[in-house]
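For reference, positions follow the sequence shown, starting with 1. Quantities reported herein were computed from a predicted structural model and do not represent experimental measurements.
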Amino acid sequence: MKRSKRSLLLQTALLLMAVTGLLSCSDTSCRDALQRAEALLESNPSAARALLDSIASPKSSPKGEDFKSPLLQEGRGEAALYAWLRTQADYKCNIPLTSDSLARVATDYYGVPRHKNYHAAMAWYTLGCVYTDLQDDPKAISAYLKACDCFPDTTSRYYPLTLQNLGRHYLRRRMYEKAADTFIRFRDASEAIDAPVSLAFAHYYLGFTRLQQLDYAAADSLFDVLLQSDTVPPYCRKGTLLHKAKIAFYSRDDHPQALSYLRACRNDVEDDSLFAAGFCLMGDIFVAENQLDSAYYYYRKALECKDELYSMATTYHHLGDVIMRLHGADEAKACIDNYDLLLDSIYHRQNKYDISAVSFAFDTEKREAAYRYDLRLHYVYGIASAAVLALAAILLVVVRRNRRKAQSLKVHETLRRSELALARTSWVQWAELNDEEKALRLSEYANTLSGCLSIFRQTPSEHILQLLQKKETQLTSTITKVVADDIGKSFIDAIQFLRMETYPDAPKFSEADWLLCILSYLHLPLSCIADLLYIEKDSVRKKRHRLEAKIPPEILSLFFSSHDAGED
């Protein structure tokens, strides 16, 4: 982007004046002045500009007074607000915008990261206006796209204006599909806020786009709506008459109707220098009627108007054909050379690839922002789900533990009652049995132990004990508890029978006692039993000896063999 040295100096001076003004006024007074300027911007942009000038060029402060406020350090919002207000005021007052430096102050403040905010949208819209004045289509489109994305809602009048400017830049680059989509959004937004003038412009630009797409029926229908409206702006009416003439000529080959529209359009145009496209179309009509002198005249009139590049190239092309038919190829060479030069300029300025790159970058940025938002959302949902699952798992463990505890207490209570009921009679009954009855009772008990052992073989403790014997795992309190629980559940019937056959006056049969009996019944080594009971080997032997006072010897022999008694 080329800028003259003079324009850069003016913009730099203006920016310095603004910063000086913001530094010299208090936070409250400066903010109030900026709010008044923003309120005046729509109704009286000249007054708003004058008020902004007073902020940028304040009166000198009293000597010795300290005005080094932290406004620009902690309140950069005021500087950003001033930047876009001043740029927008100049734009509304038709003062050419020659630099983006001032507007960039606002977008730098509002733009990283972008979020839904009216002032942020206006900052990007204002930057787009600067690039529109500078005829920099890619940067203008990028700014307008970001502005559309920042408006918190579509009720602001600047939202359809942003779409209008965006669509016009697409038209400049002959990107008709994107232009049509944008103007349709422009029309819908104008209808939503009930803005008849804005709606008229939406119909006009959409009709012009359809005309460029050679959709004559759709364009003609939209232009008819405009001509029947009482609120159509003069600019739209002039353009509509011109485009109706094009449709009559190119679509229906109706020369009189086309000339009628052109004359009506020329009557509405105050200056012939603004009627370049109309003169060119008149030339086309007279060529079709083989009136080459009249065609030559109107083509020359069109070139004197110095229209935009594409129209001038078309005019030179048609004028060259007329001159060639009138005077020969040599006379037409200058027109053909100018046509070629203009085509090169058009290709350079209307290359669609740089616009496509801008659109792709913007779409990529939006997708990445949406992906980051979804990722954060999924992260939050994941943490919440994990917390719920963890809480559910904890509750399940607590419920199962309480249920097992209740079952265990119930079993222990049943055993205690059985012990109380049978403690006084079991030994007497055993002593009164003869040898045959004792053998039958021992056989029944041996079968009970065998059945309990089969149940125990299905528990994880069976494998744990094998690993302990092979010293392939280390004993822990958790393993000890698991083994004790599995033994208690598997040998419950055998333990109850064992307690029924103890001496009535023997000391209480403890949990360690029956655990020692079952571990011995499982033929575990003495060292392994000592580890599981957390006692020494000698203490294991002493416990065995004490069990002789609690259990009849015939029953005790079912658990302890002579080999076990002598094991070291």
Side-chain angles (χ1 to χ4, degrees), residues 116 118 121-122 124-125 128-129 131-132 137-244 246-247 250-251 310 350 352 354-367 370:
K116 301 285 187 183
Y118 173 76
M122 288 303 301
W124 286 108
Y125 169 76
C129 293
Y131 290 131
T132 296
D137 294 330
K139 289 184 179 180
I141 288 175
S142 177
Y144 287 133
L145 285 172
K146 292 173 183 177
C148 288
D149 202 38
C150 287
F151 278 104
D153 54 62
T154 60
T155 59
S156 169
R157 65 178 295 268
Y158 282 99
Y159 178 73
L161 282 177
T162 304
L163 293 173
Q164 175 185 343
N165 291 350
L166 178 61
R168 289 174 63 187
H169 280 281
Y170 283 136
L171 268 180
R172 281 166 56 89
R173 292 303 179 101
R174 308 179 70 79
M175 301 172 67
Y176 299 128
E177 290 297 333
K178 282 187 173 294
D181 293 340
T182 305
F183 288 135
I184 289 172
R185 292 170 57 197
F186 174 32
R187 180 192 63 191
D188 295 341
S190 301
E191 289 178 345
I193 63 174
D194 192 21
V197 174
S198 181
L199 184 59
F201 275 100
H203 281 108
Y204 171 74
Y205 284 117
L206 183 57
F208 180 65
T209 305
R210 297 304 185 201
L211 179 61
Q212 297 299 314
Q213 293 175 307
L214 304 182
D215 189 351
Y216 295 116
D220 199 33
S221 176
L222 288 166
F223 291 140
D224 284 339
V225 172
L226 284 173
L227 291 179
Q228 295 169 6
S229 174
D230 296 332
T231 59
V232 59
Y235 175 84
C236 294
R237 175 176 173 78
K238 298 170 189 175
T240 298
L241 291 171
L242 175 62
H243 300 321
K244 288 283 288 184
K246 292 178 181 178
I247 294 172
Y250 293 114
S251 175
Y310 185 80
Q350 296 187 345
K352 299 179 183 179
D354 49 2
I355 302 296
S356 299
V358 169
S359 299
F360 178 78
F362 179 74
D363 293 340
T364 301
E365 183 180 354
K366 287 192 68 175
R367 285 196 300 271

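- Remark: Leu163 pairs with Cys148, Tyr159, Thr182, Arg185, Phe186, Ala189 by the side chain to side chain contact (heavy atoms under 4.5 Å, CB included) rule, at least two apart or across chains.
- For the side chain to side chain contact (heavy atoms under 4.5 Å, CB included) test, residues two or more places apart in sequence or in another chain that qualify with Ser251 are Tyr216, Ile247.
- Going from atom CG of Asp181 over to atom OH of Tyr176 covers 15.0 Å, rounded to the nearest 0.5 Å.
- In this structure, the side-chain hydrogen bond (donor to acceptor under 3.5 Å, both in side chains) partners of Glu177, at least two apart in sequence or on a different chain, are Gln213.
- With sequence neighbours excluded, the residues satisfying side chain to side chain contact (heavy atoms under 4.5 Å, CB included) with Ala140 are Tyr131, Thr132, Tyr144, His169.
- Legend: residues meeting side-chain hydrogen bond (donor to acceptor under 3.5 Å, both in side chains) with His243, ordered by chain and number and at least two apart, are Tyr204.
- With values rounded to the nearest 0.5 angstrom, Trp124 atom CH2 is found 11.0 Å from Leu145 atom CG.
- At a threshold of 4.5 Å between non-hydrogen side-chain atoms, the residues Tyr235 and Phe201 count as touching.
- Atoms CD1 and OG, on Ile193 and Ser156 in that order, are 7.5 Å from each other to the nearest 0.5 Å.
- One N or O on the side chain of Thr209 and one on the backbone of Tyr205 form a donor-acceptor pair closer than 3.5 Å.
- Heavy-atom minimum distance, Asn165 versus Cys129: ND2-SG, 4.4 Å.
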Please test Leu206 against Ile184 for side-chain contact (heavy atoms from CB on, under 4.5 Å), starting from the C-alpha separation and ending with a verdict.
CA-CA 7 Å; Leu206 183 57; Ile184 289 172; 4.0 Å; yes
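- Looking at residues two or more places apart in sequence or on another chain, you find no side-chain hydrogen bond (donor to acceptor under 3.5 Å, both in side chains) involving Thr154.
- Take Arg168 and apply the salt bridge (charged side-chain N to carboxylate O under 4.0 Å, His left out) test, not counting sequence neighbours, and it matches no residue.
- Residues His203 and Cys236 are not in side-chain contact: their nearest non-hydrogen atoms beyond the backbone lie 4.5 Å or more apart.
- Atoms CZ and CD, on Phe223 and Gln228 in that order, are 13.5 Å from each other to the nearest 0.5 Å.
- Residues Asp137 and Tyr170 have side chains not in contact (no heavy-atom distance under 4.5 Å, counting atoms from C-beta outward).
- The distance from atom CG of Leu171 to atom NZ of Lys178, rounded to the nearest 0.5 Å, is 13.5 Å.
- Heavy atoms only, all atoms of each residue included: Val232 and Ala200 are closest at CA-CB, 4.5 Å.
- For residues 220-237, the set of pairs meeting the salt bridge (Lys or Arg N to Asp or Glu O under 4.0 Å) definition, not counting sequence neighbours, comprises Asp220-Lys244, Asp220-Arg252, Asp224-Lys244, Arg237-Asp268.
- Every pair passing side-chain hydrogen bond (donor to acceptor under 3.5 Å, both in side chains) that includes a residue from residues 188-201 is listed here, sequence neighbours excluded: Ser190-Ser198.
- For the ring-ring contact (aromatic ring centres under 6.0 Å, His included) test, no residue two or more places apart in sequence or in another chain qualifies with Tyr250.
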Does the side-chain contact (heavy atoms from CB on, under 4.5 Å) test come out yes or no for Phe208 and Phe183, once each step is laid out?
CA-CA 10 Å; Phe208 180 65; Phe183 288 135; over 6 Å; no
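- Ala218 and Arg210 make their closest contact through CB-CG, 4.2 Å (heavy atoms, listed as atom of the first residue, atom of the second, distance).
- With sequence neighbours excluded, no residue satisfies side chain to side chain contact (heavy atoms under 4.5 Å, CB included) with Val225.
- In this structure, Asp215 has no salt bridge (charged side-chain N to carboxylate O under 4.0 Å, His left out) partners at least two apart in sequence or on a different chain.
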